[in-house]
Amino acid sequence: MVLQAIKYSRGQLEILDQLKLPHQEEYDHVYSSTDAWHAIKEMRTRGAPAIAIVAALALAVELVNMKLTPVAEEVKVFIMEKLDYLVTSRPTAVNLADAARKLRKTVEDASVAEGANGESVREAYVAAAEKMLIDDVSDNENIGKHGAEWIVSNTDAGKKGKVSMITHCNTGSLATAGYGTALGVIRSLHAKGALKHAFCTETRPYNQGSRLTAFELVHDQIPATLVTDSMAAALIRLKGESENIAGIVVGADRVAANGDTANKIGTYSLAILAKHHGIKFLVAAPRTTIDLSTKSGADIVIEERPGKEVTLVKGPRHDGATLDLAVVETVSIAANGIGVWNPAFDVTPAELIDGIITEVGVVEKDSNGVFHLEHVFEAEGTQNKPSTIGGI
Ligand SMILES: CSC[C@H]1O[C@H](OP(=O)(O)O)[C@H](O)[C@@H]1O
C-alpha cells in the first residue's frame with residue numbers, strides 16, 4: 001500500500017498526524033484554513049511541498065462546504081485574506097508562499113472573467129489547488145528519475161556498481177503529495193536496481209529521519225540503516241569505500257537564486273563532510289522550491305522553534321523489551337534551566353552543492369561555479385531530455 005500523508009476528495013481533507021508516527025498511523029480531519037494553519041505550525045503535517053498542498057486544499061475544503069455569496073469580488077477577497085493567513089504558519093519553506101502567489105493570480109483572473117460570479121471564482125480556486133496535488137507527485141517521480149540517472153552516470157561510485165546514498169531529514173511521501181524528492185531519488189535508484197544501501201540520519205530534534213524516513217524505507221523494503229547525526233562523518237570515513245557511498249542527497253525548503261539552499265538543520269554540516277571526503281552533495285527539489293526573488297541564502301528567514309522540542313522527547317512507553325502504545329510519555333533529556341537554541345533550518349552555500357535535481361533535469365554550476373537556475377523555468381519542454389541542464 002502506498003504511504004499517504006494527505007487524503008483528499010473534493011470537500012474533504014485528512015492529514016496523517018506525523019507527530020504520532022512511526023508507531024501510530026492516525027489521520028486528522030482538516031475542515032478549514034484555521035485547522036491547516038495549526039496542523040502546519042504544530043508540524044502534524046510538514047515538508048515544504050506538503051505544507052503548501054495541505055494549506056491550498058484546506059481552503060478549497062472550506063470554500064466547498066461554505067454558503068457562498070454570489071458576488072465574485074467578495075469570494076476573491078475572502079480567498080486572498082485566507083491565503084495571507086495561511087502563509088504565516090511557517091516562514092522558511094517557499095512552497096507555501098509560491099502556491100499562494102499562483103492561487104492569488106488564478107482567483108484574480110477568475111474574478112474579472114466574463115460572467116464571473118462567486119461560484120466561478122470558487123471553482124477556479126478549487127481546481128487550481130487540486131492540480132497542485134496531482135502535479136507534485138509527477139514532479140517527484142521526474143526528480144527521482146533525473147537524480148538516479150545523474151548519480152549513476154556522474155559519480156565514481158556509480159561507475160563501479162550499485163551505489164549507497166546518505167539522506168537527511170524526511171523528504172519522502174510524508175513530506176510531499178507522494179514519492180518524495182531526495183527520498184524519491186533513492187526510491188528511483190532502488191527501482192533501477194542501482195541502490196546498494198540507503199543511510200538515513202536521525203535528524204534531531206524532531207527526528208524526521210528515525211521516525212519518518214526509516215518508516216518509509218522499511219515500508220518500501222529498501223535496504224537501509226539509521227545513524228545518528230553525529231555518526232555521519234565516521235560513516236563516510238570508515239564505510240565510504242566498502243559501501244560504495246556515492247554521495248548525500250537532501251531536500252530543500254528554499255533554494256535562493258544563486259543556489260544557496262535552506263534545508264533542515266544539519267544539512268550544512270553534511271555538505272562540508274561531502275566536500276571533505278570527495279563525495280557528491282545533491283539537493284533534490286521541485287521548481288516550486290526555487291525562489292529566484294531571493295538573491296542568496298543570507299536573505300532566507302530561518303524559523304526558530306520552541307526549546308522544548310530539544311529538551312523533551314515524546315512517545316509511547318517502551319520498557320526496553322515491549323512497546324506500550326496505550327501510554328504516551330514525555331521525558332526530559334536536558335538539565336533544567338539550560339538555554340536552548342533551536343533553528344529548524346540552516347543554509348548550505350552553493351559552493352558546496354554539486355547539483356540541484358529538479359523535475360526538468362539536474363542543474364550544475366557553470367565553469368565559473370555559478371548556478372543558472374533561471375533555466376529550469378525555461379525548460380518546460382525538456383521533461384524527457386538529457387538530465388543535465390544549466391551547466392556550461
Ligand atoms: C521535501 S521536504 C523538504 C524539507 O522540509 C523539511 O522540513 P520540515 O520537516 O521542518 O518541514 C526538511 O527540511 C526537508 O528537507
Side-chain angles (χ1 to χ4, degrees), residues 3 5-6 15-19 21 36 39-55 89-99 132 135-137 139-144 147 166-187 200-213 215-216 229 248-255 261-271 281-291 297 300-306 309-310 342-348 353 356-359:
L3 273 176
I6 302 166
I15 56 167
L16 187 55
D17 181 348
Q18 298 194 25
L19 289 172
L21 288 175
I40 294 165
K41 187 73 175 177
E42 295 156 22
M43 293 182 70
R44 281 181 283 128
T45 188
R46 35 64 51 201
I51 288 170
I53 291 162
V54 166
S89 52
R90 291 185 74 192
T92 303
V94 69
N95 307 59
L96 176 48
D98 179 66
M132 289 179 175
D135 288 353
D136 188 54
V137 177
D139 287 350
N140 295 336
E141 288 166 351
N142 281 317
I143 288 169
I166 298 170
T167 193
H168 188 57
C169 196
N170 175 255
T171 59
S173 300
L174 297 173
T176 65
Y179 200 74
T181 57
L183 200 55
V185 172
I186 287 173
R187 283 190 161 109
C200 60
T201 58
E202 181 184 32
T203 316
R204 284 275 298 152
Y206 184 95
N207 298 328
Q208 289 95 331
S210 56
R211 296 191 304 111
L212 307 179
T213 297
F215 178 74
E216 291 202 43
D229 302 325
I248 301 170
V249 62
V250 299
D253 290 83
R254 190 183 297 250
V255 181
T261 295
N263 195 53
K264 186 51 49 195
I265 187 73
T267 302
Y268 173 43
S269 47
L270 289 172
F281 186 82
L282 299 165
V283 170
R287 289 177 292 175
T288 51
T289 307
I290 297 174
D291 176 11
I300 299 175
V301 172
I302 299 297
E303 175 189 11
E304 292 205 18
R305 293 189 63 87
E309 292 184 358
V310 174
N342 184 18
F345 305 99
D346 58 25
V347 174
T348 298
I353 299 171
I356 298 174
I357 308 163
T358 76
E359 65 272 34

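Predicted model only: the values in this text are computed from it and were never measured. Start at 1 and go down the list; that is how both ligands and their atoms are numbered. All residue numbers in this chain count up from 1 along the given sequence.
Judged as a side chain to side chain donor-acceptor pair (under 3.5 Å), and not counting sequence neighbours, Asp17 has no contacts.
Less than 4.0 angstrom separates some heavy atom of Ala175 from each of these atoms of ligand 1: 1 (C), 2 (S). Taking a cut-off of under 4.0 Å to the non-hydrogen atoms of Gln208, the atoms of ligand 1 that pass are 8 (P), 9 (O), 10 (O).
Pairing each heavy atom of Gly251 with each of Thr261, the nearest pair is O-CG2, 4.4 Å. Between Ala252 and Thr289 the shortest heavy-atom distance is O-CG2, 3.5 Å. Heavy-atom minimum distance, Val250 versus Asn263: CB-ND2, 3.8 Å.
With a 4.0 Å heavy-atom cut-off, ligand 1 is reached by the side chain of Met43 but not by its N, CA, C or O. Contacts between Tyr206 and ligand 1, counted as non-hydrogen atom pairs separated by less than 4.0 Å, are absent for every part of the residue.
Taking any N or O of Asp253, backbone or side chain, at least one lies under 3.5 Å from an N or O belonging to ligand 1. By the 3.5 Å distance cut-off applied to N or O atoms, Thr176 is not counted among the residues near ligand 1.
The nearest protein atom to atom 15 (O) of ligand 1, hydrogens excluded, is given as Asn263 OD1, 2.5 Å; this is a heavy-atom distance. Ranking protein heavy atoms by distance to atom 12 (C) of ligand 1, first place goes to Cys169 SG, 3.3 Å.
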Exercise. Quick one: do Asp229 and Arg204 satisfy salt bridge (charged side-chain N to carboxylate O under 4.0 Å, His left out)? Show the steps, please.
Key: CA-CA 7 Å; Asp229 302 325; Arg204 284 275 298 152; over 6 Å; no
Self-check item: Steps toward side chain to side chain donor-acceptor pair (under 3.5 Å) verdict (Thr181, Asn140)
Solution: CA-CA 5 Å; Thr181 57; Asn140 295 336; 5.8 Å; no
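Between Glu216 and Arg187 a salt bridge is recorded (basic side-chain N to carboxylate O distance below 4.0 Å).
Heavy-atom distances between Ala252 and ligand 1 reach below 4.0 Å in at least one pair. Using a 4.0 Å heavy-atom cutoff, Thr181 is listed among the residues neighbouring ligand 1. Note on ligand 1: Arg90 sits in its first shell, one or more heavy atoms being nearer than 4.0 Å.
Applying the salt bridge (charged side-chain N to carboxylate O under 4.0 Å, His left out) rule to pairs touching residues 43-53 yields Asp28-Arg44, Glu42-Arg44, sequence neighbours excluded.
Selection from Ala93, Ser173, Gly47 by nearest heavy atom to atom 11 (O) of ligand 1 gives Gly47.
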